[in-house]
Amino acid sequence: MRIVLKALIATTMLGVGAPALGQEVIVTAQRRGYNNNDASYSNGIVATSRPIINLKRTADYAVQTVRVVGDARDGKTRRDDLRATIRNMIAGAGKAGVELATGDYVLAPLTLASYETLSFAGDGRPDTDQTSFLVKVRLTPGMDIGAAKAQIARFVAAVSTVGRSQVSAMGDLTLSVVNPDQYRGQIIDLIAADAAASAAKFGTGSGVDVTGLDRPVEWARGGPTEVFLFLPSTYTVRKNRP
């Protein structure tokens with residue numbers, strides 16, 4: 001039996017590009033992919049486009065959006081209060097066992113060297129400014145989503161706010177994965193094993209043609225703390241001619 005790996009040449013990806021090696025990415029219910037138009041979804045899980053051959057593993061982080069809002073009447077005072085509160089959050093994050101980050105897709109650490117790049121906007125009320133970013137907690141073995149949420153909630157509740165600024169959590173927790181492409185080899189092993197087992201059922205002289213292994217690793221949420229990592233690959237079993 002012979003497995004032939006045919007490269008599926010990718011020229012474009014709709015909506016997003018592949019993250020650079022080593023970057024941390026947000027995992028949403030929708031996979032990252034080059035064509036999501038053919039996917040149907042049920043309760044936030046990809047129903048038709050995710051291959052059945054995938055690597056399921058615990059995500060690296062649980063991630064929560066937090067909002068910092070202030071309504072001091074003087075604009076400069078209001079912004080100064082917000083920035084001071086954010087500095088307090090950065091200073092207290094390590095002790096609370098959390099990390100701060102920014103980004104909608106690829107995440108970057110929020111630090112004292114970068115926090116001033118946060119943008120402020122109104123929230124529909126007069127004399128009010130707000131900004132938002134992310135609080136992350138690393139998912140250690142045995143930690144469930146409730147424990148992660150509680151740890152973030154304790155951090156938010158303990159923030160030393162300045163002036164009339166306030167901090168609150170927003171929305172549901174999501175997940176993140178650091179460098180998904182590091183799992184490429186494991187995923188290819190799973191594909192190769194499945195392809196070999198399928199070909200063996202067709203007897204001596206069968207082979208397999210595999211495509212899509214040169215694509216970036218894609219992902220979908222697999223549970224409260226789990227993710228599916230996979231390649232958009234397909235294979236065809238063929239009978240070799242004598």
Side-chain angles (χ1 to χ4, degrees), residues 1-36 38-39 44-63 99 101 103 105-109 136-143 145 148 174-202 205-238 240:
M1 182 193 67
R2 186 164 61 99
I3 299 178
V4 179
L5 309 181
K6 296 182 177 180
L8 176 62
I9 299 175
T11 56
T12 61
M13 291 181 68
L14 299 182
V16 297
L21 186 66
Q23 287 183 323
E24 180 182 358
V25 296
I26 285 287
V27 176
T28 62
Q30 179 176 339
R31 70 171 187 161
R32 183 195 79 187
Y34 59 93
N35 185 1
N36 287 319
D38 61 350
I45 302 298
V46 175
T48 60
S49 289
R50 175 171 55 83
I52 62 171
I53 306 170
N54 55 73
L55 176 65
K56 187 176 183 180
R57 68 177 302 275
T58 301
D60 292 305
Y61 289 91
V63 183
E99 301 173 36
Y105 171 58
V106 175
L107 302 189
K136 312 183 303 174
V137 59
R138 182 174 287 278
L139 292 168
T140 56
M143 177 182 284
I145 201 68
T174 187
L175 306 173
S176 70
V177 176
V178 177
N179 186 18
D181 280 317
Q182 69 178 295
Y183 303 103
R184 170 182 299 279
Q186 294 180 54
I187 298 168
I188 291 176
D189 287 345
L190 293 173
I191 296 168
D194 191 86
S198 295
K201 295 180 183 297
F202 292 86
S206 61
V208 181
D209 293 331
V210 185
T211 64
L213 299 185
D214 62 332
R215 298 290 309 187
V217 171
E218 300 182 9
W219 52 81
R221 190 158 181 171
T225 60
E226 294 82 27
V227 295
F228 293 117
L229 300 173
F230 55 92
L231 290 166
S233 64
T234 61
Y235 67 77
T236 303
V237 178
R238 54 176 165 69
N240 293 329

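Counting from 1, the numbers follow the sequence of the chain as shown.
- In this structure, the side chain of Gln186 does not engage the main chain of Gln182 through any donor-acceptor pair within 3.5 Å.
- Proximity of a side-chain donor or acceptor of Arg138 to a complementary backbone N or O of Thr140 within less than 3.5 Å is not detected.
- With sequence neighbours excluded, the residues that form a salt bridge (charged side-chain N to carboxylate O under 4.0 Å, His left out) with Arg57 are Asp60.
- Of all heavy-atom pairs between Gly222 and Phe228, the closest is CA-CE1, 3.4 Å.
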Report task. Go through Asp209 and Arg238 one step at a time and tell me if the side-chain contact (heavy atoms from CB on, under 4.5 Å) criterion holds. Result -> CA-CA 8 Å; Asp209 293 331; Arg238 54 176 165 69; 3.0 Å; yes
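- At least one donor-acceptor pair under 3.5 Å links the side chain of Ser206 to the backbone N or O of Ala199.
- The two atoms that bring Leu139 and Ala62 nearest to each other are CG-N, 3.8 Å, heavy atoms only.
- Between the side chain of Thr174 and the backbone N or O of Val27 there is at least one donor-acceptor pair closer than 3.5 Å.
- Closest heavy-atom contact between Phe230 and Ile53: CB-O, 3.9 Å.
- Atoms OH and CD1, from Tyr105 and Ile26 in turn, are 11.0 Å apart once rounded to the nearest 0.5 Å.
- Contact of the Val217 side chain with the Leu231 side chain is registered, since non-hydrogen atoms from C-beta on lie closer than 4.5 Å.
- Within the 4.5 Å cutoff, the side chain of Arg221 has heavy atoms near those of the Leu175 side chain.
- For Arg184 (side chain) and Arg215 (main-chain N/O), a donor-acceptor pair under 3.5 Å exists by modelled atom type.
- Leu107 places a side-chain heavy atom less than 4.5 Å from the side chain of Ser176.
- Here the closest heavy-atom approach between residue Ser198 and residue Val237 is recorded as CB-CG2, 4.2 Å.
- The side chain to side chain donor-acceptor pair (under 3.5 Å) test applied to Thr58 returns no partner, not counting sequence neighbours.
- The distance from atom CH2 of Trp219 to atom CG of Leu229, rounded to the nearest 0.5 Å, is 8.5 Å.
- Shown here for Ala195 and Tyr235, the closest heavy-atom pair between the two residues is CA-CZ, 3.7 Å.
- Under 3.5 Å, the side chains of Glu24 and Tyr61 contain no donor-acceptor pair of N or O atoms.
- Taking CD1 of Ile145 as the start and CD of Glu226 as the end, the distance is 9.0 Å to the nearest 0.5 Å.
- In this structure, Asp181 CG and Ile187 CD1 are separated by 8.0 Å, a value rounded to the nearest 0.5 Å.
- Closest of all the heavy-atom pairs between Ser233 and Ile191 is OG-CD1, 3.2 Å.
- Side-chain atoms of Asn54 come within 3.5 Å of backbone N or O of Ile52 as a donor-acceptor pair.
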Requested in this report: Verify side-chain contact (heavy atoms from CB on, under 4.5 Å) between Val208 and Thr236, making sure each step is shown before the conclusion.
Outcome: CA-CA 5 Å; Val208 181; Thr236 303; over 6 Å; no
